[in-house]
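I have placed the structure first, in the form of structure tokens, so that the comments after it can refer back to it.
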Amino acid sequence: MSRYEASEIEAKWQKAWEDAAIFQAETDHQKPKYYVLEMFPYPSGKLHMGHVRNYTMGDVIARYKLSTGHNVLHPMGFDAFGMPAENAAMASGGHPKDWTYSNIDTMVEQMKPLGLSLDWSRMFATCDPEYYGQQQSLFLDFLAKGLVYRKNAVVNWDPVDMTVLANEQVENGRGWRSGAVVERRELTQWFFKISDYSEDLLDALDGLENWPAKVRLMQENWIGKSRGLQFKFERTDGGAPVEVYTTRPDTLMGASFVGISPDHPIARQLEAESPEIASFVAECRKGGTTEEAIETAEKLGYDTGLRVKHPLDPNWELPVWIANFILMDYGTGAVFACPAHDQRDFEFASKYDLPIIPVLEPLDGAGELTEAYVPAKAEKVRYIKGFAGSEEQTGEEGVDAAVDKAEAEGWGEGVTKFRLRDWGLSRQRYWGCPIPVVHCDACGVVPEKKENLPIALPYDEDGTAIDFSVPGNPLDRHPSWRDCACPACGKPAQRETDTMDTFVDSSWYFARFTAPRAETPTDLEAASYWMNVDQYIGGVEHAILHLLYSRFFARAMHICGHLPESAKEPFDALFTQGMVTHAIYQSEGGNGRPVYHYPEEVDLRDGKAILKDTGQEVKIIPSAKMSKSKNNVVDPLHIISAFGADTARWFVLSDSPPERDVEWTASGAEAAFKHLARVYRLASEAATATGEGTGDEELRREMHKAIRDVTLGIESFGFNASIAKLYGFTNTLAKSKAGAATKKEAARVLAQLMSPMTPHLAEAMWEMLEGEGLVANAPWPQADEAMLVEASVTLPIQINGKRRAEITVAADLDKAEVEKLALAHEAVQRVLDGAAPKKVIVVPGRIVNVVA
RNA sequence: GCGGGCGUGAUGGAAUGGUAGACAUACCAGACUUAAAAUCUGUUGGGCCUUGUGCCCGUGUGGGUUCGAGUCCCACCGCCCGCACCA
């Protein structure tokens with residue numbers, strides 16, 4: 001009997017799979033196709049357990065589908081543009097391109113030992129000119145179809161470094177490098193017209209039955225369809241009226257003031273006229289651009305002195321305030337405030353001593369208003385200052401009545417609005433896909449000619465390396481790249497130096513995988529065959545942006561002829577896996593800042609973490625999200641070299657339900673290894689066993705139950721449940737005294753059931769047990785229904801909902817007989833004490849409850 | 001602030017509204033061994049006594065619906081994710 005040598009087994013079978021080329025996907029109309037895709041990684045250069053978990057889940061599905069007769073596409077690539085490469089170049093020199101490609105090599109090297117059933121021949125990185133050139137071609141197609149346009153948008157501006165900052169580069173309202181207070185500044189930028197699809201993207205969510213309900217709900221809220229009233233407040237000074245949009249027109253009689261955004265045209269005008277207002281507005285523009293920053297900032301207001309007339313009472317004048325929490329991007333950039341029924345307005349009115357006028361109250365009467373009264377819209381309330389509909393009605397009815405009345409009287413209009421904004425794709429950065437347009441003094445903005453694509457990023461500055469140590473975009477100051485000839489008139493012109501948001505790169509890679517070397521963005525025939533992605537797997541952090549952008553792109557690509565109509569919703573099923581967490585090892589650096597240590601730099605002894613180099617003890621922060629910046633990223637290579645890939649795969653699947661977070665622990669990995677070694681031993685025992693035994697029938701029954709339960713687990717993404725069942729079945733097999741033939745059969749089935757999770761071990765077992773060919777190609781075992789039927793069943797007996805006894809009865813015994821037997825039970829008799837039960841509930845096959 | 005989610009033994013977790021704690025980790029005890037490792041077997045939510053197929057309590061907290069609630073509803077507490085230039 002040989003020992004379980006993971007490294008030997010894994011190298012052997014990886015080579016066998018490669019030689020047989022069984023994971024290379026070719027179009028085959030004889031079989032049903034199955035496209036399984038994990039969200040592709042950013043090439044950080046370090047594979048971590050989160051990746052292993054993600055890809056292992058996809059691999060289980062891919063291998064399972066392969067053995068159920070599907071033609072499987074399971075590709076891998078790299079989301080390779082983005083800021084970390086530029087940051088690395090700034091921090092330690094070098095070039096983003098070199099850094100990225102070297103990381104990709106490293107990561108491929110780290111992924112291959114996992115034994116994933118990937119079609120490596122389709123691999124690409126989004127920073128390959130062959131890929132982003134096709135992306136530029138897509139951009140030009142979108143531009144031609146009116147799906148791209150330019151407008152102004154606000155960015156984070158660092159006034160010291162004179163550069164645009166990403167949100168993550170703004171820390172507590174200050175630039176991460178300069179420490180200067182960030183300002184919001186407007187820039188002309190490129191936008192995708194995703195808002196054209198708001199309604200469609202919302203409606204189509206209903207059809208995504210195999211997406212998690214929470215993701216659909218998040219997208220629904222993000223798109224944020226609302227119906228409200230749009231109307232104008234006339235100004236007492238005769239100036240341009242203030243147009244507002246409100247979702248609660250029923251509270252109009254509670255209006256206290258009119259609020260406008262600091263970026264509202266009226267505010268802009270006043271800013272130019274009054275230094276005091278200019279300084280207030282400048283104050284409002286400090287801080288980052290995130291919605292979070294704006295909404296949590298202290299509420300600031302400034303009374304402009306302008307007055308407007310209430311639309312329902314010309315004698316009622318309301319003040320116009322500039323308020324920092326009103327977004328210019330949403331609605332009209334102006335609102336009327338009803339402090340009695342909006343918490344934010346309430347706080348603002350309290351702070352600036354503005355009136356708070358209740359409009360509605362609960363049906364059972366109102367208490368004193370210490371905060372805004374905001375009942376659910378479906379709740380019936382009493383209107384004490386209503387102006388439309390009944391006195392007692394729901395908020396919804398009130399809104400509808402108010403809109404109807406305003407429309408009938410001609411002073412307002414019912415309007416549907418969406419929260420979803422157009423997608424700004426311009427980035428003032430080097431390491432991204434260049435936007436293929438040219439700015440010409442004579443012709444304006446001119447699209448590049450397709451034959452000039454790809455517009456490739458320059459590697460150096462006429463022979464010398466590009467300098468990344470200066471803030472800002474190197475393309476912007478590049479001596480020669482920027483200058484070009486106008487594609488329209490041929491005169492000297494300048495390239496657009498903005499590059500694309502990296503979300504663009506990831507919004508169509510799934511389509512490119514169907515024909516990764518095509519000379520057009522997609523090959524329609526290949527796309528029609530392979531699309532849609534049957535199962536997409538990734539982190540829930542992508543629930544909104546990436547998935548919504550991809551849904552938009554699929555629609556836009558369809559319009560431009562790059563995807564079939566049927567691929568408008570590109571992901572048939574989505575699974576959002578939980579994160580992998582791990583302790584953070586933290587010490588303090590000389591400057592008082594925290595220093596984070598990699599797990600492999602640390603020895604764990606008696607619950608303490610000791611630095612291997614210095615012997616210094618460091619602080620342990622448990623169960624933190626794995627993050628590059630915190631260095632709490634476990635290196636799977638260490639586990640693979642110690643225990644093998646199968647152990648790593650088994651562990652990441654076993655301990656937590658896939659949708660939840662999992663904490664990586666060293667002891668868990670060791671236990672997984674021990675179990676696999678035990679399975680290997682059992683298989684080799686079974687392979688060499690001889691003779692007859694007892695309990696063959698029972699072992700076979702358990703085998704069929706295992707087939708049923710493991711299969712169900714895989715199909716329902718309950719991999720941890722499948723693994724629990726496999727533990728149980730392994731124990732059964734270990735204890736069984738069955739004859740050699742049955743044991744061998746059971747061990748073979750065990751190998752098959754384990755093959756999606758631990759494919760190398762399964763191949764080794766399959767070979768020992770004389771299975772035919774590769775287990776990866778063997779047809780999935782079928783559970784025999786006849787073997788699953790139980791003759792008798794044990795039912796718990798509850799008395800008043802508490803379990804008191806149990807009876808074992810024939811499985812098909814009818815309800816009346818079960819009730820009779822239950823009532824005759826000694827424990828029931830004791831409690832009833834001769835009295836008749838009030839009620840007896842018999843749930844066949846499950847439980848009996850006697851109500852005494 | 002807004003949107004979404006999660007909360008069960010020492011630990012990870014299981015449980016179509018139907019026996020709470022499957023399966024595993026850890027710990028403890030035993031077998032094997034000169035010994036250790038490996039392996040195998042067994043115990044383990046808390047409490048009570050009358051030690052029984054016993055009783056009481058127990059799934060973040062407080063209410064509610066139900067014959068029956070970890071599961072459904074309401075409120076609260078805590079943690080996590082997203083918030084449009086991180087990927």
Side-chain angles (χ1 to χ4, degrees), chain A residues 39 41-42 44 79 81-84 153 155-156 164-170 189 194 212-215 217-222 224 288-297 299 325 329 343-344 347 419-429 501-503 505-506 539-546 548-549 576 578-579 581 623 625 628-629 654-657 659-663 665 667-668 670-672 674-675 677-678 681 718 720-721 723-728 731 734 794-798 800-806 826-827 837-841 843 845-851:
Chain A
M39 289 180 186
Y42 180 80
S44 61
D79 189 13
F81 275 135
M83 297 203 311
V155 294
N156 299 304
V164 178
L165 297 179
N167 284 335
E168 79 156 8
Q169 296 174 319
V170 179
Q189 311 216 63
I194 190 173
K214 65 174 174 185
V215 173
L217 187 57
M218 280 190 258
Q219 292 214 351
E220 185 183 324
N221 290 332
W222 185 262
T289 57
T290 67
E291 200 167 303
E292 185 192 5
I294 291 163
E295 300 242 342
T296 54
K299 287 168 190 45
F325 59 85
D329 281 328
Q343 190 56 32
R344 202 164 50 177
E347 283 162 26
R419 204 183 77 97
L420 180 66
R421 310 199 294 255
D422 276 333
W423 170 12
L425 66 116
S426 299
R427 297 291 181 270
Q428 293 71 42
R429 265 172 262 292
D501 179 6
T502 55
F503 272 120
D505 312 336
S506 56
V540 72
E541 65 272 21
H542 296 292
I544 295 175
L545 294 179
H546 163 61
L548 196 61
Y549 291 158
T576 55
M579 293 180 305
T581 62
S623 288
K625 176 187 178 180
K628 275 166 266 170
S629 63
S654 65
D655 250 23
S656 260
E659 67 276 14
R660 269 207 240 173
D661 292 354
V662 63
E663 167 107 3
T665 61
S667 60
E670 193 161 331
K674 282 184 188 173
H675 177 74
R678 180 173 181 236
R681 217 164 39 240
N720 58 323
I723 286 194
K725 189 66 201 176
L726 285 167
Y727 270 111
N731 288 337
T794 300
L795 295 180
I797 300 174
Q798 293 184 335
N800 295 329
K802 287 186 193 300
R803 183 188 166 280
R804 284 293 182 259
E806 58 183 39
E826 180 231 339
K838 287 203 187 97
K839 197 173 178 181
V840 181
I841 292 126
V843 183
R846 307 280 336 191
I847 203 165
V848 181
N849 191 10
V850 179
V851 185

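Computed over heavy atoms, backbone and side chain alike; hydrogens, waters and symmetry mates excluded. By convention in this document, chain letters (A, B, ...) are assigned in the order of the sequence lines, proteins followed by strands, and residues within each chain are numbered from 1.
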On the nucleotide B/G13, are OP1 or OP2 found under 4.0 Å from the side-chain N or O atoms that A/Ser656 carries? yes
Quick one: is B/C86 close enough that its OP1 or OP2 comes under 4.0 Å of any side-chain N or O from A/Arg429? no
Ignoring the backbone of A/Ile841, work out which of B/A84, B/C67, B/U19 is nearest its side chain. B/C67
For A/Arg419 and A/Glu291, what are the C-alpha separation, side-chain angles and deciding distance, and is it a salt bridge (Lys or Arg N to Asp or Glu O under 4.0 Å)? CA-CA 12 Å; A/Arg419 204 183 77 97; A/Glu291 200 167 303; 3.2 Å; yes
Does B/G7 adopt a syn or an anti glycosidic conformation, taking syn as a chi angle within 90° of 0? anti
Any base atoms under 4.0 Å from A/Leu420, or only sugar-phosphate, or nothing? Heavy atoms, all strands. base
On the nucleotide B/C55, are OP1 or OP2 found under 4.0 Å from the side-chain N or O atoms that A/Arg804 carries? yes
Could you tell me whether A/Val155 contacts a base, only the sugar-phosphate backbone, or nothing, with contacts defined as non-hydrogen atoms closer than 4.0 Å? base
Atom CZ of A/Arg660 and atom P of B/C79 are separated, to the nearest Å, by 18 Å
Among B/G68, B/G1, B/C86, which is the nearest nucleotide to the side chain of A/Asn849? B/G68
Could you tell me how far B/C56 sits from B/U11 if I compare only their P atoms? Round to whole Å. 27 Å
A/Arg681 side chain, from C-beta outward: closest of B/U39, B/C67, B/C85: B/U39
Give A/Ala671 one of three labels, base, sugar-phosphate or nothing, depending on what nucleic acid heavy atoms sit under 4.0 Å from its own. sugar-phosphate
With heavy atoms under 4.0 Å as the rule, sort A/Glu659 into base, sugar-phosphate or nothing. nothing
Nearest-nucleotide 5' precedence on RNA chain B, A/Glu806 against A/Leu217: A/Leu217
Looking for any heavy atom pair under 4.0 Å, which part of the strands does A/Asn221 touch: base, sugar-phosphate only, or nothing? sugar-phosphate
Would you indicate what A/His542 reaches in the nucleic acid, counting non-hydrogen atoms under 4.0 angstrom: base, sugar-phosphate, or nothing? base
Report yes or no: is there a donor-acceptor pair, N or O only, under 3.5 Å between the side chain of A/Gln428 and the base of B/C85? yes
Scan A/Gly728 against the nucleic acid and name what it touches under 4.0 Å (heavy atoms): base, sugar-phosphate only, or nothing. nothing
Among B/C67, B/A24, B/A87, the nucleotide that comes nearest once only the side chain of A/Thr502 is considered: B/A87
Closest to side chain of A/Met83, choosing from B/C23, B/A87, B/G1: B/A87
A/Phe503 near the nucleic acid: base, sugar-phosphate alone, or nothing, with a heavy-atom cut-off under 4.0 Å? base
Using OP1 and OP2 only, check whether a side-chain N or O of A/Arg427 sits under 4.0 Å from B/C85. yes
So what does A/Thr296 touch, heavy atoms closer than 4.0 Å: a base, only the sugar-phosphate, or nothing? base
Comparing nearest nucleotides in RNA chain B, the 5'-proximal residue of the pair A/Pro796, A/Lys839 is A/Pro796
Students often get this wrong, so: under 4.0 angstrom with heavy atoms, is A/Val840 touching a base, only sugar-phosphate, or nothing? nothing
Within the pair A/Asn720 and B/A14, is there a side-chain N or O less than 4.0 Å away from OP1 or OP2? yes
Look at all strands and tell whether A/Ser506 reaches a base, only sugar-phosphate, or nothing, counting heavy atoms closer than 4.0 Å. nothing
A/Gly539 near the nucleic acid: base, sugar-phosphate alone, or nothing, with a heavy-atom cut-off under 4.0 Å? nothing
Nearest of B/A84, B/C57, B/A20 to any side-chain atom of A/Tyr549? B/A84
NA contact type, A/Lys674, heavy-atom cut-off 4.0 Å: base, sugar-phosphate, or nothing? sugar-phosphate
Identify whether the distance between the nearest side-chain nitrogen and carboxylate oxygen of A/Arg804 and A/Glu826 falls below 4.0 Å. no
Of all the choices, B/U39, B/C23, B/A87, which nucleotide is nearest to the side chain of A/Asn731 once you look at every atom? B/C23
Have a look at A/Pro657 and say if it touches a base, only the backbone sugar-phosphate, or nothing, with a 4.0 Å heavy-atom cut-off. sugar-phosphate
If the cut-off is 4.0 Å, is A/Arg678 near the phosphate of B/C40, judged by side-chain N/O to OP1 or OP2? yes
Could you work out which one of B/C85, B/C2, B/C83 sits closest to the side chain of A/Glu295? B/C2
